[in-house]
Amino acid sequence: MRLDKFLCDCKLGTRSQIKKDIKSGLVTVNDVKILKPEQHIDENADRICYKGQPCVYEKYVYYMLNKPAGVVSATEDQHEQTVIDLLGQQKRDDLFPVGRLDKDTEGLLLITNDGPLAHDLTSPAKHVEKEYECHLAQPFDDRQKEQLEQGVDIGEKALTKPATVNILEEKKIVLTITEGKFHQVKRMLSAVGNEVIYLKRLRMGALTLDESLPKGSFRRLTEEETENLRK
Ligand code: URA
């Protein structure tokens, strides 16, 4: 990783300030003064000091991705572009998506290296809410709403847990579920005689998709977003 990026990740200042500080000789790597911001370092092995103080690399990182269709929710794939590939320069071996969205599903995806948080967010025992915008092939009616709110048979041992439905238009709803079975939303709509033709995740627990993020873009979570997710 570049030295200036490392120091930025340690939250020691803006990239431009850090570059200036490096050029002014405020940074050492293994006790050697380094004046080039683009110098590559090994963040796991090198001892980096800023103004004489050792730098602590942040343990966990959190990105919100606005997943586009056509990309798979995996860390690597032989043939397909993955959500981790979309991170470009921020791509790291320890990052993974929290839960899976289908290849054709868009919207909110959390990418992190925080295993314990990911476990909490995806554990069936925690009932974390996931909110989806669904565009449907058929008009949606009150009978379908009632069925989804009560729980439907999608071929699992038990009916689905009661969902919340908000009807936006004749063929557009927001569905909130607390489970995360394979193709769950599509199977639920199919179980009530409808069909999902477009699916977008809007929210997971306390984390809401930042609609100003263009499709395929990502950003770091704010400290407030990270705190709220941990609660
Ligand atoms: N449910 C689905 O059917 N697909 C998704 O991608 C997410 C939830």
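Numbering of ligands and ligand atoms starts at 1, following listing order.
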Handout entry: Stepwise side chain to side chain donor-acceptor pair (under 3.5 Å) check, Glu106 with Tyr198
Key = CA-CA 8 Å; Glu106 297 185 349; Tyr198 170 82; 2.6 Å; yes
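By the 30° and 60° cut-offs, the orientation of the rings of Phe218 relative to Tyr63 is perpendicular.
Contacts with ligand 1 closer than 4.0 Å are made by heavy atoms of both the backbone and the side chain of Val185. When non-hydrogen atoms are compared, ligand 1 lies under 4.0 Å from neither the backbone nor the side chain of Val196.
An N or O contact shorter than 3.5 Å is missing between Arg187 and ligand 1 by distance. Residue His183 places at least one N or O, backbone or side chain, under 3.5 Å from an N or O of ligand 1.
In this structure, Glu43 does not pair ionically with Lys5, as no charged nitrogen and carboxylate oxygen lie closer than 4.0 Å. Salt-bridge formation is not detected for the pair Asp77/Lys103: no Lys NZ or Arg NE/NH1/NH2 atom is positioned less than 4.0 Å from an Asp or Glu carboxylate oxygen. Residues Glu227 and Arg230 are paired through a salt bridge, judged by an N-O separation under 4.0 Å between the basic side chain and the carboxylate.
The shortest separation from a heavy atom of Phe182 to ligand 1 is not under 4.0 Å, leaving the residue out of contact.
With rounding to the nearest 0.5 angstrom, the CG atom of Leu221 is 4.5 Å from the OG1 atom of Thr226.
With Arg220 contributing its side chain and Thr222 its backbone, the two residues share no donor-acceptor pair below 3.5 Å.
Of the protein's heavy atoms, Asp102 OD2, 2.7 Å lies nearest to atom 4 (N) of ligand 1.
Atoms of ligand 1 found under 4.0 Å from any heavy atom of Tyr132, numbered from 1 in the order shown, are 7 (C), 8 (C). Close approach of ligand 1 to Leu199 is summarised as follows: ligand atoms under 4.0 Å from at least one heavy atom of the residue are 1 (N), 2 (C), 3 (O), 4 (N), 5 (C). Distances below 4.0 Å separate heavy atoms of Thr105 from the following atoms of ligand 1: 4 (N), 5 (C), 6 (O).
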